[in-house]
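Notes follow once the structure below has been shown.
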Amino acid sequence: MNESMMNQVAAKFHAKFGKPPEFIARAPGRVNLIGEHTDYNNGFVMPMALSNAVWIACRRVSYPIITFYSTYFDETKGFSLKNIFKETHSWLEYAKGAAWALLSGEDGKISHVPKSGLECLIDTDLPMSAGLSSSAALEVALARAFTEAFQLVWEPTHAARLMQKAENEWIGMRCGIMDMLISTSAQKGSALLIDCQDFSMRPAPLPSGTSIIILDTGTRRALSESRYNTRREECEAAAKALQLSSLRDATFEMIEQKKLKSELKKRAIHVVSENLRVLKAEEAMKQNDPKCLGKLWIESHQSLKNDFEVSAEVLDTMVKLASEDEACYGARMTGAGFGGCAVALVQSEAAETFCKKLKVRYERAMPVTCTIFEAKSECGAELFQHNTLAL
Ligand code: GLA
């Protein structure tokens, strides 16, 4: 846990609201190592939580209003718990969605309104909309803070499912469960292999002597929500044509036998091949075989580029340049795609030089400034009480 970040957040809260916070919630962003666009097909994913996170410092107030100050947007906004309704899209909708998902029943209605509210300060060191899951980190941090404030029980998988509901139904992004689950449930020092069919998870060890490097292309995904939702619809259509409830159960033979439209066929081939790659990646990690893992990352990128069609020129260039470095075992785009970040597996001893060289080469090739840094793994969401805060 990043103690200096926690102290900074507490100090910023004190300066803003005139009193120290009572508690602070932290939820990490993530980098997905392999298993892209498989979560909403009930498949396998292998994300790792980052030390970069969303932090929320909170203090209870005696009336049912939640007020937030966002350091990132330098804005104060709030809403009443008595009447939560959707407005135009802004960062506050994530907070409303999180409160709604935690407090409402199956019917989407809130039957019991908490009597007290909160003053909150939101701070983050996660790059926004870069494919490192800043939205899920925000939602999970909100869930962790609200669970404490509303005296609910914190159960990581349940909280992840509720925050997926918030994102799907309140925000309108039909994302899968991966980002929320890794943010609630990550283990420090390893990635997690998650089976999105039954939410079972097992740690996957990082190969020794290697570093995970995040390659932020400096571009942000444009119109990604609608394109993401379209991909999801295509996967559902492919599963339906194969008479399956999800592509999890599809095989190459089934896809060959059924005359799928060429686009749907490509989407299905990506999902089936990517699920197999995740399982092979787990094996390579257990065998401490970075060469094999890197090769799977390169294959994954090709599949996302050619069959799933969610890559972008910046991502392809970054991955190509990274893979050309002899210290790099492999690289791939990570997250939803259409811009944002790629990830590379690199020999630790050469990692620093790799980052410097790649930045120069990428910026020569592309008209954008990039950020390249080593990913540090962290555990899932945490809550710190006031008495543990060094104020
Ligand atoms: C986004 C979504 C995830 C997942 C990835 C692609 O990050 O939020 O649920 O589908 O894209 O793997």
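Positions are given from 1 along the sequence. In listed order, ligands and their atoms are each counted from 1.
The N/O atoms of Asn32, backbone and side chain alike, include none that comes under 3.5 Å of an N/O atom in ligand 1. Remark: ligand 1 and Asp39 share an N or O pair separated by less than 3.5 Å (distance only, no angle test).
Every atom of ligand 1 is numbered from 1 in the order shown, and the set under 4.0 Å from a heavy atom of Tyr228 is 1 (C), 2 (C), 3 (C), 4 (C), 9 (O), 10 (O), 11 (O). Which parts of ligand 1 touch Cys175 is read off a 4.0 Å heavy-atom cut-off, strictly below it: atoms 2 (C), 8 (O), 9 (O). Every atom of ligand 1 is numbered from 1 in the order shown, and the set under 4.0 Å from a heavy atom of Gly176 is 9 (O). Listed by number with element, the atoms of ligand 1 under 4.0 angstrom from any heavy atom of Tyr40 are 10 (O). Which parts of ligand 1 touch Met178 is read off a 4.0 Å heavy-atom cut-off, strictly below it: atoms 4 (C), 5 (C), 12 (O).
A salt bridge links Arg248 and Asp195; the closest N-O separation between the charged side-chain nitrogens and carboxylate oxygens is under 4.0 Å. In this structure, Arg231 does not pair ionically with Glu309, as no charged nitrogen and carboxylate oxygen lie closer than 4.0 Å.
Here Ser51 pairs with nothing under the side-chain hydrogen bond (donor to acceptor under 3.5 Å, both in side chains) rule; sequence neighbours left out. With sequence neighbours excluded, the residues that form a side chain to side chain contact (heavy atoms under 4.5 Å, CB included) with Arg361 are Leu321, Glu324.
Residue contacts with ligand 1 include Arg30, since one or more of its heavy atoms lies under 4.0 Å from the ligand. Not close to ligand 1: Ser133, with no non-hydrogen atom less than 4.0 angstrom away.
Remark: side-chain polar atoms of Asp216 are not paired, donor with acceptor, to backbone N or O of Ile372 under 3.5 angstrom. A donor-acceptor pair is defined here as one N or O able to donate and one able to accept, closer than 3.5 Å; such a pair exists between the side chain of Thr71 and the backbone of Ile122.
Between Phe68 and Phe79, the ring planes are parallel. Angles under 30° get that label, and only those over 60° would be called perpendicular.
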